Structure formats: C-alpha cells, structure tokens
Student: 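The structure's right below; bear with me while I get my questions together.
Being a predicted model, the structure only gives us computed values, none of them experimental.
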Amino acid sequence: MAIQKVGVVGCGLMGAGIAQVSAAAGFTTVAREVAPELVEKGLKGIEKNLARLVEKGTITAAASGEIRGRLTGTTVIDDLNDCDLIIEAIIEQLPAKRELFATLDKICPPGTIFASNTSSLTITEIAAATKRPQRFVGLHFFSPVPVMKLVEVVRTISTEPAVYEEMLAFGAKLGKTTVRAHDSTGFIVNRLLVPYLLDAIRALEEGVGSIEDIDSSMKLGCGHPMGPLTLLDFVGLDTTYYIANIMFEEFRERRFAAPPLLKRMVLSGWLGRKTGKGFYDYADAQNPTAMKF
Ligand code: CAA
C-alpha cells in the first residue's frame, strides 16, 4: 500500500517538525492537537520555518505555499480515520500513548500503519494496546526535525517485514537517512546519548568544571555542535528526566540514573530553553548566561 495521507498526533516541537517534513515530502498531512491554540501554535511554527527557508532561497514561495496547502490542523481525532500512516509524538508517558493508540485502532481501517516517535518507551508495550502489533513500528526523529538527518526505524518481534520495509522507504522519502534498530529501550542514539548527558550533569555536580567549561570542552575538544548542558536545555530537562527514568527502570544501571541536580531542576520548573531557564538563563535568548547554583 502506498502512503499518501499521514496523520501526526501531537503538534509540539517534535510533532510540528514531523508534520513539516511530511508535507514537504509531498504527503497530505493532518496534525492533531488537543486544543485549538496548540494546533495554531504548531502550524504558526511551521509557517515561520517555511518563511525562513524562502528567505534563505532554499525553497521558492510557491513551494512553501504548496507545502502549507498539504497541511491541515485539527483537534478531532476522527479526522485521522483515513490516514495511511499515523505518527504519534505526544507526551512521553506510556498510559497516554496506549490510550491514544487504542482509540486510533478503533477508528482507523486495519491497513493503517501506526508509528510512535517515543524516544525511550518500549514499542511492543505501546503496540499491545492495539489489535495490529504487526503494523506497528517506531519512527524516532531528532530535534530540530527539519534539520537532523536521522530517523531510527524500530521493529518489534511482531512487526511484519513488509511494513518495516515500507517505513524504511517512507523515512527515505522524507529525505532522512534511516537506521534499523530493534525495540530495545533507547534504541541506538539514546542508549549512547543519555548516559553522556547525565554524566555531564554529574561532572558539574562533582565540580569537575563550570557549565561553560564543560560545554566548551565537548564543543571544541570533540567537535560537537553543542555542549552537553546546552543540548540538555535544547532537548528539555523534563524530557531527559523522563527518558532517564524509563531507561534506568529497564536496565537498572547507574549510567541511566537521573542525577539529583536534574531532578531538582525539573521540580523547580527549570526545563531549559522552553521555560527560559535551565543550565543557562535565556532572558536574552541570543546571549544565554550560565546559571549559578
Ligand atoms: N527548526 C528548523 N531549522 C532550524 C532550527 C529549528 N528549530 N534550528 C536551526 N535550524 C536551521 C537553521 O535555519 C540553519 O539552516 P541553514 O544552514 O540552511 O541556514 C541550520 O539549522 C543551522 O542553524 P544555525 O546556524 O542557527 O545554528 P547551528 O549551526 O548552531 O545549528 C543545530 C543549530 C542544528 C540545532 C545544531 O546546533 C545541532 O546540530 N545541535 C545538536 C542537535 C542534536 O543533537 N539534536 C538531537 C537531540 S536528541 C533528540 O532529539 C532525540 C531524543 O530522543 C532526546
């Protein structure tokens, strides 16, 4: 079955990015959020990104118009009932994802493929909320979605090989490089990235270096585009905290355990860029300053 219409559930940072690349690749795309203001916020962000691409001459104004024309927003879950593929990018919590897919399973035809953008939950456990685990995969994108080249395509022991191949082809149609991953918690990237990010916090806690020096070290010493503490603010400290807890629960290894400082920052509402405060203060977004603890 050829994918023509794509549904994206969740129109936050990840969902909006996925909807944008889907529409840009020529798929009719419908993005669903729970409230009209969230739909509007997601679509406005996409429009801003497209305007920037036109300004830079990456795409023409006509192409931008066509992409926007392929994209609709909705709060009505039933509007996804004629999608060939639905990609979920909602909050990283298992009960919410299971409930969503149980609903989608009832309203979508049996042929619709379901995908979760979860970064750490077990795909098998989400798929088990449906009667179609054979048509269920993980499609794990990276932030910012329009820029990052990778999609991890995750198969469970139930995923039908033909569905898996179709999802690899879909990732390529989005212009992404796909990698194959088994349904192991954190897949490939987060299995390696999360312990590194948590170790950067531990290094800070133990006074190995300052926030700026830890970041400069990895940027200039290893050629990373962002230092680990800047990256944590970018990804969101709450998101990293959820992921770490899920991975620790699965593997019971210290390298996945959330450091006390991370927990305290999340409890204080310091979630990184999105709340204006994390390891850096973003009052002046162009010139963030390191926080003092
Ligand atoms: N949306 C769309 N485009 C964006 C963007 C956004 N949010 N942010 C930056 N860009 C574009 C810019 O327009 C620019 O495009 P051109 O080259 O065509 O001009 C390009 O990205 C580079 O941006 P900048 O020059 O402004 O800044 P930069 O060189 O510092 O790059 C970055 C920004 C791409 C974010 C870079 O710093 C980077 O790669 N950082 C690391 C990001 C990363 O590691 N992401 C993965 C996080 S882990 C994850 O997402 C998964 C998980 O499960 C937790």
Side-chain angles (χ1 to χ4, degrees), residues 8-10 12-15 17-18 21-22 85-94 96-98 100-101 113-130 133-161 163-172 174-200 224-226 228 231-232 234-236 238-258:
V8 180
V9 188
L13 196 65
M14 298 303 287
I18 296 167
V21 295
S22 167
L85 165 66
I86 296 181
I87 306 171
E88 164 274 315
I90 65 167
I91 188 166
E92 193 69 349
Q93 285 176 6
L94 183 64
K97 289 188 195 282
R98 283 178 56 95
L100 170 71
F101 278 113
I113 298 174
F114 288 167
S116 174
N117 178 55
T118 182
S119 37
S120 51
L121 292 166
T122 307
I123 301 294
T124 308
E125 204 169 355
I126 308 173
T130 73
Q134 71 285 1
R135 298 188 75 73
F136 208 115
V137 295
L139 284 179
H140 186 214
F141 292 81
F142 297 85
S143 178
V145 176
V147 180
M148 303 308 280
K149 294 272 172 257
L150 186 73
V151 179
E152 290 178 307
V153 185
V154 183
R155 66 181 178 282
T156 73
I157 54 173
S158 304
T159 308
E160 255 173 32
V163 169
Y164 190 64
E165 291 305 317
E166 194 165 359
M167 289 298 96
L168 288 164
F170 173 75
L174 297 185
K176 304 295 184 192
T177 296
T178 55
V179 288
R180 297 162 182 258
H182 283 288
D183 184 25
S184 169
T185 306
F187 319 127
I188 299 171
V189 171
N190 278 338
R191 190 180 185 114
L192 302 176
L193 177 66
V194 170
Y196 158 69
L197 295 177
L198 301 178
D199 263 344
H224 289 193
M226 286 175 168
L231 183 54
L232 276 156
F234 181 71
V235 168
D238 51 341
T239 304
T240 309
Y241 184 58
Y242 287 141
I243 296 174
N245 287 340
I246 291 165
M247 295 189 79
F248 183 74
E249 178 77 14
E250 175 80 5
F251 297 114
R252 303 282 167 170
E253 292 175 26
R254 182 185 186 261
R255 64 197 171 115
F256 298 110

Student: Between Lys176 and Met148, is there a donor-acceptor pair closer than 3.5 Å when you use the side chain of the first and the backbone of the second?
Tutor: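 Looks like yes, one N/O pair under 3.5 Å.
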Student: Quick one: does any side-chain atom of Thr156 pair with a main-chain N or O of Ser158 as donor and acceptor, under 3.5 Å?
Tutor: yes
Student: Look up atom NE2 in His182 and atom CZ in Phe187, then write down how far apart they are to the nearest 0.5 Å.
Tutor: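 One finds 12.5 Å between NE2 of His182 and CZ of Phe187.
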Student: Kindly indicate, with the supporting measurements, whether the criterion side chain to side chain contact (heavy atoms under 4.5 Å, CB included) is fulfilled by Leu139 and Phe170.
Tutor: CA-CA 10 Å; Leu139 284 179; Phe170 173 75; 4.1 Å; yes
Student: May I have the list of side-chain donor-acceptor pairs in residues 192-199 shorter than 3.5 Å, sequence neighbours left out?
Tutor:
from, atom 1, to, atom 2, distance (Å)
Tyr196, OH, His224, ND1, 3.3
Asp199, OD1, Arg202, NE, 3.2

Student: Taking only residues two or more places apart in sequence or in another chain, which ones pass ring pair (Phe, Tyr, Trp, His ring centres under 6.0 Å) with Tyr242?
Tutor: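 Listed in chain order: nothing, the list is empty.
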Student: My understanding is that only residues two or more places apart in sequence, or in another chain, count here; which of them pass side-chain hydrogen bond (donor to acceptor under 3.5 Å, both in side chains) with Tyr164?
Tutor: Arg155
Student: Using every non-hydrogen atom in the two residues, find where Ala89 and Ile18 come nearest and quote the distance to one decimal.
Tutor: CB-CD1, 4.2 Å
Student: Say you draw a straight line from CG of Leu121 to CD1 of Ile126; how long is it, rounded to the nearest 0.5 Å?
Tutor: 5.0 Å
Student: Is a side-chain N or O of Glu152 found less than 3.5 angstrom from the main chain of Val189, in a donor-acceptor match?
Tutor: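 Such a contact is found between Glu152 side chain and Val189 backbone.
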Student: OG1/Thr240 to CG/Asp238 distance, rounded to the nearest 0.5 angstrom?
Tutor: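 Going from the OG1 atom of Thr240 to the CG atom of Asp238 covers 7.5 Å.
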Student: From Ile113 CD1 over to Met167 CE, what is the distance, rounded to the nearest 0.5 angstrom?
Tutor: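 Reported value, rounded in 0.5 Å steps: 4.0 Å.
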Student: Stepwise, does the side chain to side chain contact (heavy atoms under 4.5 Å, CB included) test hold for Val235 with Ser143?
Tutor: CA-CA 7 Å; Val235 168; Ser143 178; 5.7 Å; no
Student: Given 3.5 Å as the limit, does a donor-acceptor pair link the side chain of Arg98 with the main chain of Glu125, or not?
Tutor: yes
Student: Could you pull out the closest heavy-atom pair between Val8 and Gly15, with the gap in Å?
Tutor: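 Result for this residue pair: CG1-O, 3.5 Å.
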Student: Spell out, as yes or no, whether a donor-acceptor pair under 3.5 Å connects the side chain of Thr159 to the backbone of Phe136.
Tutor: yes
Student: Considering residues at least two apart in sequence or located in another chain, which fulfil the ring pair (Phe, Tyr, Trp, His ring centres under 6.0 Å) criterion with Phe141?
Tutor: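 Expected list: none.
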Student: Who passes side-chain hydrogen bond (donor to acceptor under 3.5 Å, both in side chains) against Glu92, sequence neighbours left out?
Tutor: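 Glu92 satisfies side-chain hydrogen bond (donor to acceptor under 3.5 Å, both in side chains) with Lys97, Thr118, Ser119, Ser120 once adjacent residues are dropped.
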Student: Mind checking whether Phe114 and Phe101 have parallel, tilted or perpendicular rings, split at 30° and 60°?
Tutor: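 Rings of Phe114 and Phe101: tilted, as their planes differ by 30° to 60°.
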Student: Residues in side-chain hydrogen bond (donor to acceptor under 3.5 Å, both in side chains) with Ser184, at least two apart?
Tutor: Arg191
Student: How far does CZ of Arg254 sit from CZ of Phe248, to the nearest 0.5 angstrom?
Tutor: 10.0 Å
Student: Does Thr130 form a side chain to side chain contact (heavy atoms under 4.5 Å, CB included) with Arg135? I'd like the steps, not just the answer.
Tutor: CA-CA 10 Å; Thr130 73; Arg135 298 188 75 73; over 6 Å; no
Student: Check the pair Val179, Val153 against side chain to side chain contact (heavy atoms under 4.5 Å, CB included), reporting the backbone distance first and the verdict last.
Tutor: CA-CA 6 Å; Val179 288; Val153 185; over 6 Å; no
